[in-house]
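Encoded as structure tokens, the structure appears first; notes follow it.
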2 protein chains.
Amino acid sequence: MPKDRAPTRIQQKNRATILDAALDVFSAQGFRGATVDEIAATAGLSKPNLLYYFPSKEAMHEALLERLLDTWLDPLRAMDGDGEPLEEIMGYVRRKLQMSRDFPRESRLFANEVLQGAPRIHDALSVDLKTLVDSKCAVLETWMASGAIARVHPHHLIFSIWSLTQHYADFDVQVRAVLGPEDPFDGAMAFLDTLYRRMLRP
Amino acid sequence: MPKDRAPTRIQQKNRATILDAALDVFSAQGFRGATVDEIAATAGLSKPNLLYYFPSKEAMHEALLERLLDTWLDPLRAMDGDGEPLEEIMGYVRRKLQMSRDFPRESRLFANEVLQGAPRIHDALSVDLKTLVDSKCAVLETWMASGAIARVHPHHLIFSIWSLTQHYADFDVQVRAVLGPEDPFDGAMAFLDTLYRRMLRP
DNA sequence: GTCTATAATAAGATAGAC
DNA sequence: GTCTATCTTATTATAGAC
């Protein structure tokens, strides 16, 4: 096990390789569906070597979720109460859709976890996430009160952005099966742009 | 194993009990996360007795998916090309949201399967589902051409209905963690009503 | 039809050589 | 740091009595 001092370059590289492989497998199979064997094979390492870097399968999963939660909410944090309301919301939608396109594995890791009752991140949801969302809902409400955007339930507005954007990562197979060769994300961005501008027009 | 003749009442009842328990466990844990032990315990039967009715864990899962696919698309099938366009669409949204509220386990079973690449239902998606969706998109396009509803990409319109409604079943823990004690479904229905009426107003 | 007992295998984790 | 070999446990499935 790595000693309790600054990790060497090879340690950093191996940990990164392992986490990337683990993300591949966990996001595709869920926690219990994933096997350490498959993660090791994907990483190109032996199973005991993997467990030299992470003490258990659980530890890998935990490391991934922790890293994910750190960055997953950045697009919402970046919605600026002092900006132009509609453009701030559209910017949030755009950033969220880009995350679905560029980081579908992260989206599916998260979806797997929440779908199965969020056993490992329930506190993060009901504390950190709730706090952030409530504060942004307050911002949305001032925008609605000022007449800058139309009135809707602010929490459901945020849920709608989550569901509409994450759908393209989480249900990618279904979307492509139905849509055929057409790129989903271009059409999605145009559609979401229309949707939110029409719904929120004062 | 049940003989190849009409099932007795006790057989029917046991099969139904098992499938209900299996739905509980598969929808909460995914296919590989589910164990036959847990399904048996939930059903109140011994494990060998379970496997007397279904030859394998895989067979239970298959039976559930088959039954699900049969009924999952009914709300879309019911959207009538001869009806009043906006009300037909709103009716579809309402039925779909009701399914999320009344059959969240089915929604999560489906989500688990698609999220993990739809290995068992890929054909159903790219054939049956695609055929149905394409035909309903043609209907939507005639409505748009006639000016009865505003123009949007029809496939993405349908994706939006799926994602916005299923979100309340699949991400139920998250929605409730953020929303607190407020009932999600009442607010959701009001929100979706507003959303689609504003977006589709000609 | 239902059960107890058990076989067979898969998977997480460790020992110990190099 | 990395590997082969192995232990241990969990899990699917079956045998065979009742």
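Here is the naming used below: chain letters follow the sequence lines, and residue numbers restart at 1 for every chain. None of the values given here were measured: they were computed from a predicted structure.
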Does [X] make a side-chain N or O approach to OP1 or OP2 of [N] shorter than 4.0 Å?
X	N	value
Ser56(B)	dT14(D)	no
Tyr53(A)	dT2(D)	yes
Arg32(B)	dT11(D)	no

Could you check how far [atom1] of [X] sits from [atom2] of [N], rounded to whole Å?
X	N	atom1	atom2	value
Phe26(B)	dT11(D)	CZ	C1'	13 Å
Arg15(A)	dG1(D)	CZ	C1'	15 Å
Lys57(A)	dA10(C)	NZ	P	15 Å
Met60(B)	dA13(D)	CE	C1'	10 Å
Phe54(A)	dG12(C)	CZ	P	16 Å

Going by an N to O cut-off under 4.0 Å, is there a salt bridge joining [X] and [Y]?
X	Y	answer
Glu62(A)	Arg120(A)	no
Arg101(A)	Asp183(A)	no
Arg151(A)	Glu141(A)	no

Lys136(A) side chain vs Met79(A) backbone, donor-acceptor pair below 3.5 Å: yes
Backbone of Pro75(B) reached by a side-chain donor or acceptor of Arg95(B) within 3.5 Å: yes
Exceeds 12 heavy-atom contacts within 6.0 angstrom, atom CZ of Phe103(B): no
Touch class at under 4.0 angstrom, heavy-atom based, for Ala34(B) against every strand present: sugar-phosphate
Interface with DNA chain C, restricted to residues 38-50 of chain A and to heavy atoms under 4.0 Å: Lys47(A), Pro48(A)
Among dT11(D), dG1(C), dG1(D), the one nearest Thr35(B) by side-chain distance: dT11(D)
